[in-house]
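We name chains A, B, ... by the order of the sequence lines, and we start the count at 1 in each one.
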Amino acid sequence: MAESDTNTTTDFIREAVAEDLATGRYTWVRTRFPPEPNGYLHIGHVKAFSIDFGVAEDFGGQCNLRFDDTNPVKEEVEYVEAQKEDIRWIGYDWGDREYYASDYFDQLYEWAVQLIKKGKAYVDSLSPEQIREYRGGFGEPGRESPYRDRPVEENLALFERMRAGEFEEGEAVLRAKIDMQSGNMNLRDPVMYRILHASHHRTGDKWCIYPMYDWAHGQSDSIEGVTHSFCDLGYEDHRPLYNWFIEQLGIFAPRQIEFARLNVSHTVLSKRFLGQLVQEGYVSGWDDPRMPTIAGMRRRGYTPEAIRAFMDSVGVAKKDSLVDMALLEYHVRDDLNRRAPRVMGVLRPLKVVITNYPQGKVEEFEAINNPEDESAGTRMLPFSGELYIEQEDFREDPPRKWFRLAPGAEVRLKHAYYITCQEVVKDPQTGELVELRCTYDPESRGGGTPDGRRVKGTLHWVSAPHAVDAEVRLYDRLFTEPDPMDVEEGEHWTSFLNPNSLEILTGCKVEPGLADASPGSRYQFLRLGYFALDPDSVPGKPVFNETVALRDTWAKIEEGRKGRRNRS
RNA sequence: UCGGGGGUCGUCUAACGGCAGGACAAGGGACUUUGGAUCCCUGUAUUGAGGUUCAAAUCCUCACCCCCGAGCCA
């Protein structure tokens, strides 16, 4: 905490901004986050807007939210609402500065006319295919369009007719007149306006020509007085064009700075591919808890604080990187460890009967809610002669260093008594484990004995008559490969989808206090992991999402043994 | 092929000519009424070759490797 206050986290972007202020290039700082409302925001966007909002914050400036809505065929209001909610949830606020590129369509049109008059833009009547041909390729220069030198008056008239709807889509475009020989494709007379007979979610049918990204973005920045326009590396070679338009127009010049976008292992970070997962039914929706979307992470139980801490730890640079999902999970655990109340829940129940516990007796034990936070207080837990423990916590034939229950072994039930396994009851037909018959030590009430004997294992449990039935959804990585997009030819990225990314457990038993917990609340199920109540829950029938498992040292030991055995 | 950008532990990232540091991951240990948390310890990196300099990850040259770019997408 105190650390992050004193630690001025810096990076090449903040250094550049500080320098711009020092040299007087700008006297204020304003940034913007410009999402296209064509899908849900994911953790990669969080990096982007953490930089946009974070830099503004650090330099006493402001960050605008501006929807980049220049393509009506892809954009929908549903997405603008979702994106706003998600940004707010992460913890950023744009005040009343909610803008749309479409707010500037009139101004942009005016400016386009200005460029035509300057002889810097022209209406091209080549077909889309011809334009592509004329553009040339990486090795060879492009060729100039035969329409490139139309007189200004003709261009003006044609452009007006484009606006008036006199052309079909693809019949004409407005192009900037720059340099068909340029090594930078973006400068080979880029298209500024195309015809789209589509109605727009904000401007309706007012327009049938829509500005391209390059023509809209820099000018929108300029209008808003944005000093620093951050974007990903993909726009690096658009910067000369960004600057060219601003310069031709002679308007306020923002500075574009590019950084490497975030990649996280075992997932994909692209609205297009995430949308495909939704459409093709690989996940239940944009907010499926396995999705790296903000909505998905929220439903999964991740906290905004954890996500922001993760952003701080990944840094900002220009190097392509693939951040290990384990780092995100570390921050989620780190945050939840501090704040999640501990409860007991048994995922795969195994019945335990305490044979020497008085018939029908019920006791209550006081349990600490969070050992990391005394102010979280305590709660009372019912205990009886019939309990559930985790199937995993019993082995008939225990391996070395097994601290849990086994025939003849004694363990502690958290907050309650020591029990010793006396008998294993199996189904005579199937041989399947039915229940354990154990004895308890009345002296061990509260978890310790007068003789101070050592019990290594402590198990979580739930009193059978008091238990609440729950559904628990266990999650694993969405993809089996760290970089699913890195496919060999002939392979498809969806073939790396993890078939075991979701496991639904029913008949789980949780402590009674959880019967009507409210959706979104997060808990640590003792010894298991963090779980968040899903909105699918109904009163008395909770559904939990596994947020992230606790570190499991024992699992690691066993895995290590297995590995060693296989190797020898 | 041309243009743009980038190469530091397994992974992210620091260093701004002066001891290559941190975090995650991995491995080991201590502690433990969560095999959680916490604490301690360990290993492993400057793409390569030259040059400048008392001193180079950092400056210069030349290689090599990786990413992006030929939408009327953003």
Visitor: Looking only at atom C1', what distance separates B/rC62 and B/rG28, rounded to whole Å?
Guide: 45 Å
Visitor: Can you tell me how far C1' in B/rU53 sits from the matching atom in B/rU47, rounded to whole Å?
Guide: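 That atom pair is separated by 23 Å.
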Visitor: How does protein contact run along nucleotides 68-74 of chain B, one letter per nucleotide 5' to 3', with B for base contact, S for sugar-phosphate only, - for none, heavy atoms under 4.0 Å?
Guide: -BBSBBB
Visitor: Encode nucleotides 7-18 of chain B as B, S and - characters from 5' to 3', where the letter depends on protein heavy atoms closer than 4.0 Å: B to the base, S only to sugar-phosphate, - to neither.
Guide: SS--SSS--B--
Visitor: Can you tell me, in whole Å, how much space there is between the P of B/rC64 and that of B/rA23?
Guide: 38 Å
Visitor: Taking only Lys NZ, Arg NE, NH1 and NH2, and the carboxylate oxygens of Asp or Glu, determine whether A/Glu410 and A/Arg453 approach each other closer than 4.0 Å.
Guide: yes
Visitor: Salt-bridge test for A/Arg339 and A/Glu305: reply yes if a basic N is under 4.0 Å from a carboxylate O, no otherwise.
Guide: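 Answer for the salt bridge query: yes.
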Visitor: For atom P, what is the distance between B/rU58 and B/rC16, given to the nearest Å?
Guide: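 Each nucleotide's P atom is 13 Å from the other's.
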Visitor: Check this for me: does any side-chain nitrogen of one of A/Asp221 and A/Arg66 sit under 4.0 Å from a carboxylate oxygen of the other?
Guide: yes
Visitor: Just distance, no hydrogens or angles: give the donor-acceptor pairs under 3.5 Å from side chains in residues 128-137 of chain A, sequence neighbours left out.
Guide:
residue	atom	partner	partner atom	Å
A/Glu129	OE1	A/Ser127	OG	3.2
A/Gln130	OE1	A/Ser127	N	2.8
A/Gln130	OE1	A/Ser127	OG	3.3

Visitor: Taking salt bridge (charged side-chain N to carboxylate O under 4.0 Å, His left out) as the test, write out the residues that go with A/Asp189, two or more places apart.
Guide: A/Arg148
Visitor: Distances for protein N/O vs nucleotides 42-47 of chain B N/O pairs under 3.5 angstrom?
Guide:
none

Visitor: Using the P atom on both, measure B/rU11 against B/rC60 and round to a whole Å.
Guide: 27 Å
Visitor: What is the ring orientation for A/Phe105 with A/His200, classed by angle as parallel under 30°, tilted 30 to 60°, or perpendicular over 60°?
Guide: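 Perpendicular, since the angle between the ring planes exceeds 60°.
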Visitor: Check A/Glu224 with A/Arg32, please: is the shortest side-chain N to carboxylate O separation under 4.0 Å?
Guide: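 A/Glu224 and A/Arg32: not salt-bridged.
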Visitor: What interatomic distance, in whole Å, is found between C1' of B/rC12 and the corresponding atom of B/rC72?
Guide: 39 Å
Visitor: Classify the ring geometry of A/Trp461 against A/Phe383: parallel below 30°, tilted from 30° to 60°, perpendicular beyond 60°.
Guide: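 Correct class here is perpendicular.
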Visitor: If a protein heavy atom is under 4.0 Å from the base, mark B; if only from the sugar-phosphate, S; if neither, -; do that for nucleotides 34-41 of chain B going 5' to 3'.
Guide: BBBS----
